[in-house]
Participant: 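Got a structure for you, questions after.
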Amino acid sequence: DVSLPMVITTWGSDGFAKATKTAVDATLAGGRMFGLVEGLSTCEALQCDTTVGFGGSPDENGETCLDSLVFDAEGMRVGAVANLHRIRDAARVAWGVMNYTKHTLLVGESATQFAKKIGFFETELTTNETKSWIETWKNQKCQPNFWKNVSPDPSGSCGPYKPSQVFSSNRNREAGYRVEKTNHDTIGMVVMDLNQKFSAGTSSNGARFKIPGRVGDSPIPGAGAYANAFGGAAATGDGDVMMRFLPSFYTVTQMELGSKPSKATHKAIQKILDVYPKFSGAVVAMDAHGHTGVACANIPKFGYNVAYRNGTVKLFQQPCLHPQ
Ligand code: SD4
């Protein structure tokens, strides 16, 4: 097929377009897994929208940690890292987990130790920019955070919250704060190679001001991405909610049962909206015919890129569902 390989990637900005093109070129040069990993790594190096790679989404302690998943539909080979500290190349480390171990997912400091064993160097993932975000956050009167039912200050004055007080006081807590506006720009990618075989994956630095140790949907097989002989899907958005629904697995399963990608992604998003109408996120998918489909919720403008063998990268805008 003259159009293969074909790649679909979440989000529309420049870095994502470059990653999408890189993935096509690298797939031609070295196959679908090489294409996927090179594509994801491109965004990590470019810090796409500052939500991929180093220098983004600091946790409450100000540290940036990375999540990544790589998925090969052929043989269902999967590797992932979550809450990876001080290593920039999350997607390559995820590939290392897939290629050099019998495991699927390595997490935290131990994932860092693994990365060092296979040859990656430790380096700070924080930048002056993330340091300034965390300072601004700390100085805010009400710090948006991921704690539930914990008032920053029981007296209602809304000072800096102290999560450690949760178990040290009998006072009733008011409803807490939830980050309403986080950046949700994880790169999620689906690659179809020359033989119509799929790979899919993600790379993300997660959610801004998350509780340290938090892992999103991105490195979870079936949540962040999934692929089999029928197609592939990848997700982006509020991962704490999305991972409860395995939207990528659901989408691919719907395609396997006969739905077109547009229908399949729509169903996956609708399932989440039925329970969480304010949920914000998107799923992109491609089937073995090269049909693509995208559905999204509560995002003003969801852009995504599709790239083809001849080097063209097309940017599309998907209107999203806004149930409320
Ligand atoms: C997460 N899904 O960690 C990721 C965030 C995201 O675009 O998609 N950002 O929840």
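Residue numbers run from 1 in the order of the sequence given.
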Participant: Working to the nearest 0.5 angstrom, can you tell me the gap between Leu321 CG and Gln270 CD?
Facilitator: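 So the CG of Leu321 and the CD of Gln270 are separated by 6.0 Å.
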
Participant: As an exercise, state the distance from OG of Ser3 to CG of Leu194, rounded to the nearest 0.5 Å.
Facilitator: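 Nearest 0.5 Å value for the OG-CG distance: 10.0 Å.
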
Participant: Looking at every heavy atom in both Trp11 and Asn305, which two are closest together, and how far apart are they?
Facilitator: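 Residues Trp11 and Asn305, closest heavy atoms: O-ND2, 3.0 Å.
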
Participant: Count I, L, V, M, F, W, Y as connected when their side-chain heavy atoms are under 4.5 Å apart, and connections chain through other members. Are Met189 and Tyr226 then in the same cluster?
Facilitator: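 Met189 and Tyr226: separate clusters.
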
Participant: According to a hydrophobic-cluster definition based on side-chain heavy atoms being under 4.5 Å apart (Ile, Leu, Val, Met, Phe, Trp, Tyr only), do Ile187 and Val306 belong together?
Facilitator: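 The answer is yes; both residues are in one hydrophobic cluster.
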
Participant: Looking only at the side chains, is there a donor atom on one of Ser218 and Thr202 sitting less than 3.5 Å from an acceptor on the other?
Facilitator: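 Side-chain D/A pair, Ser218 to Thr202: absent.
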
Participant: Does the pair Tyr276 and Arg244 meet the rule for a side-chain contact (heavy atoms from CB on, under 4.5 Å), with working shown?
Facilitator: CA-CA 11 Å; Tyr276 296 99; Arg244 301 172 190 179; 2.7 Å; yes

Participant: May I ask you to decide if Pro261's main-chain N or O and Asp287's side chain share a donor-acceptor pair within less than 3.5 Å?
Facilitator: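 Checked: no pair found.
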
Participant: Give the intermediate values and the outcome of side-chain contact (heavy atoms from CB on, under 4.5 Å) for residues Arg214 and Asn83.
Facilitator: CA-CA 7 Å; Arg214 180 265 192 191; Asn83 194 233; over 6 Å; no

Participant: Show your reasoning for whether salt bridge (charged side-chain N to carboxylate O under 4.0 Å, His left out) applies to Lys210 and Asp240.
Facilitator: CA-CA 10 Å; Lys210 64 199 162 211; Asp240 294 300; over 6 Å; no

Participant: How about Phe146 and Phe209: are their ring centres within less than 6.0 Å of each other?
Facilitator: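 Between Phe146 and Phe209, the centre distance exceeds or equals 6.0 Å.
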
Participant: Counting only heavy atoms not in His103, do more than 12 sit closer than 6.0 Å to its NE2 atom?
Facilitator: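 Count not over threshold, so no.
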
Participant: Rounded to the nearest 0.5 Å, what separates atom NE2 in His85 from atom CD in Glu122?
Facilitator: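 Output value for this atom pair is 10.5 Å.
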
Participant: Quick one: CG on Asp59 to CD1 on Ile134, what's the gap to the nearest 0.5 Å?
Facilitator: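 So the CG of Asp59 and the CD1 of Ile134 are separated by 7.0 Å.
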
Participant: Counting heavy atoms not belonging to Phe316, are there more than 12 under 6.0 Å from its CZ?
Facilitator: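 Atom CZ in Phe316 is crowded, with more than 12 foreign heavy atoms closer than 6.0 Å.
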
Participant: Between Gln254 (side chain) and Ser259 (backbone), is there a donor-acceptor pair under 3.5 Å?
Facilitator: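 No, Gln254 side chain to Ser259 backbone: no donor-acceptor pair under 3.5 Å.
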
Participant: For the residue pair Thr127 and Glu129, confirm or rule out a side-chain donor-acceptor distance under 3.5 Å.
Facilitator: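 Judged by distance alone, the side chains do not pair up.
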
Participant: Please name the pair of heavy atoms, one in Ala264 and one in Met255, separated by the smallest distance, quoted to 0.1 Å.
Facilitator: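 Shortest heavy-atom separation between Ala264 and Met255 comes out as CB-CG, 3.7 Å.
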
Participant: Taking atom types as modelled and ignoring hydrogens, do the side chains of Asp49 and Thr51 form a donor-acceptor contact shorter than 3.5 angstrom?
Facilitator: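 No, no side-chain donor-acceptor contact under 3.5 Å.
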
Participant: Which atoms form the tightest heavy-atom contact between Thr136 and Ser132, and what is the distance?
Facilitator: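 Looking at all heavy atoms of both residues, the shortest contact is OG1-O, 2.8 Å.
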
Participant: Kindly determine whether Glu38 and Arg92 satisfy salt bridge (charged side-chain N to carboxylate O under 4.0 Å, His left out), including the steps that lead there.
Facilitator: CA-CA 8 Å; Glu38 288 301 296; Arg92 292 195 173 107; 3.1 Å; yes

Participant: Give a yes or no on whether the backbone of Lys197 and the side-chain of Glu74 come within a donor-acceptor separation of less than 3.5 Å.
Facilitator: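 Between the backbone of Lys197 and the side chain of Glu74 there is no qualifying donor-acceptor contact (under 3.5 Å).
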
Participant: How about Leu105 and Val97: do any of their side-chain heavy atoms sit closer than 4.5 Å?
Facilitator: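 They are not in side-chain contact.
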
Participant: For Thr9 and Thr20, test the side chains for any donor-to-acceptor distance below 3.5 angstrom and give the result as yes or no.
Facilitator: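 The criterion, which ignores hydrogens and geometry beyond distance, is satisfied for Thr20 and Thr9.
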
Participant: Of all heavy-atom pairs between Phe71 and Leu36, which one has the smallest distance, and what is that distance?
Facilitator: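 Taking Phe71 first and Leu36 second, the nearest heavy atoms are N-CD2, 4.0 Å.
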
Participant: Checking side-chain contact (heavy atoms from CB on, under 4.5 Å) for the pair Leu125/Glu63: CA distance, chi angles, key distance, verdict?
Facilitator: CA-CA 7 Å; Leu125 302 182; Glu63 186 176 2; over 6 Å; no

Participant: With a 4.5 Å cut-off on side-chain heavy-atom distances among I, L, V, M, F, W and Y, is there a chain of contacts connecting Val190 to Val70?
Facilitator: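 Hydrophobic grouping puts Val190 with Val70.
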
Participant: Here's a test for you: under side chain to side chain contact (heavy atoms under 4.5 Å, CB included), which of Leu28, Asn195, Asp25 qualifies with Pro5?
Facilitator: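 The side chain to side chain contact (heavy atoms under 4.5 Å, CB included) with Pro5 is passed solely by Leu28 among Leu28, Asn195, Asp25.
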
Participant: Main chain of Thr126, side chain of Thr130: is a donor-acceptor contact present, judged purely on distance under 3.5 Å?
Facilitator: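 Side chain of Thr130 to backbone of Thr126, a donor-acceptor pair under 3.5 Å: no, none is there.
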
Participant: Quick check: does any side chain N or O of Ser203 sit under 3.5 Å from a backbone N or O of Ala91, one acting as donor and the other as acceptor?
Facilitator: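 Judged by distance alone, no pair lies under 3.5 Å.
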
Participant: When you measure from the side chain of Gln47 to the backbone of Phe54, do you find a donor-acceptor pair of N or O atoms at a distance under 3.5 Å?
Facilitator: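 A pair under 3.5 Å: yes.
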
Participant: Output the distance between atom CG (Leu246) and atom CD1 (Ile220), rounded to the nearest 0.5 Å.
Facilitator: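 These two atoms lie 9.0 Å from each other.
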
Participant: Take Phe279 and Met242 through the side-chain contact (heavy atoms from CB on, under 4.5 Å) test and state the conclusion after the steps.
Facilitator: CA-CA 9 Å; Phe279 148 81; Met242 277 193 298; 3.2 Å; yes

Participant: Following the transitive rule for hydrophobic clusters with a side-chain heavy-atom cut-off under 4.5 Å over Ile, Leu, Val, Met, Phe, Trp and Tyr, establish whether Met76 and Phe230 coincide in one cluster.
Facilitator: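 Met76 does not cluster with Phe230.
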
Participant: Just by modelled atom types, is the Val93 backbone N or O under 3.5 Å from a matching donor or acceptor in the Ser68 side chain?
Facilitator: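 Pair absent, no side-chain N/O of Ser68 close to backbone of Val93.
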
Participant: Roughly how far apart are Asp193 CG and Phe198 CZ, rounded to 0.5 Å?
Facilitator: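 The CZ atom of Phe198 is 9.0 Å from CG of Asp193, to the nearest 0.5 Å.
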
Participant: In the structure I gave you, are the side-chain heavy atoms of Asp14 and Leu46 within less than 4.5 Å of one another anywhere?
Facilitator: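 When only atoms from C-beta onward are counted, Leu46 and Asp14 do not touch, as no gap falls below 4.5 Å.
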
Participant: Do you know which two heavy atoms are closest between Ala223 and Ala235, and how far apart they sit?
Facilitator: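 That would be O-CB, 3.6 Å.
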
Participant: Could you tell me whether a side-chain N or O of Asn99 sits under 3.5 Å from a main-chain N or O of Trp95, the two making a donor and an acceptor?
Facilitator: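 Not at all, since once roles are kept as given, no pair shorter than 3.5 Å links the two residues.
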
Participant: For the residue pair His289 and His291, categorise the inter-ring angle as parallel (less than 30°), tilted (30 to 60°) or perpendicular (more than 60°).
Facilitator: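 Aromatic pair His289/His291 classed tilted.
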
Participant: Give me the one residue out of Ile8, Thr10, Ile269, Val283 that meets side chain to side chain contact (heavy atoms under 4.5 Å, CB included) with Val294.
Facilitator: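 Testing each of Ile8, Thr10, Ile269, Val283 against Val294, the sole residue satisfying side chain to side chain contact (heavy atoms under 4.5 Å, CB included) is Ile8.
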
Participant: Following the transitive rule for hydrophobic clusters with a side-chain heavy-atom cut-off under 4.5 Å over Ile, Leu, Val, Met, Phe, Trp and Tyr, establish whether Val284 and Val7 coincide in one cluster.
Facilitator: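 Both belong to a single hydrophobic cluster.
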
Participant: Below 4.5 Å, heavy atoms only, C-beta onward: do Thr292 and Met6 meet side chain to side chain?
Facilitator: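 They are in side-chain contact.
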
Participant: Taking Thr22 for the side chain and Lys18 for the main chain, is one N or O donor matched with an acceptor at less than 3.5 Å?
Facilitator: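 Looks like yes, one N/O pair under 3.5 Å.
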
Participant: For the residue pair Gly293 and Thr265, what are the closest heavy atoms and their distance?
Facilitator: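 Heavy atoms of Gly293 and Thr265 come nearest at O-CG2, 3.6 Å.
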
Participant: Is there a donor-acceptor contact under 3.5 Å from the side chain of Asn205 to the main chain of Thr50?
Facilitator: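 It does hold such a pair.
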
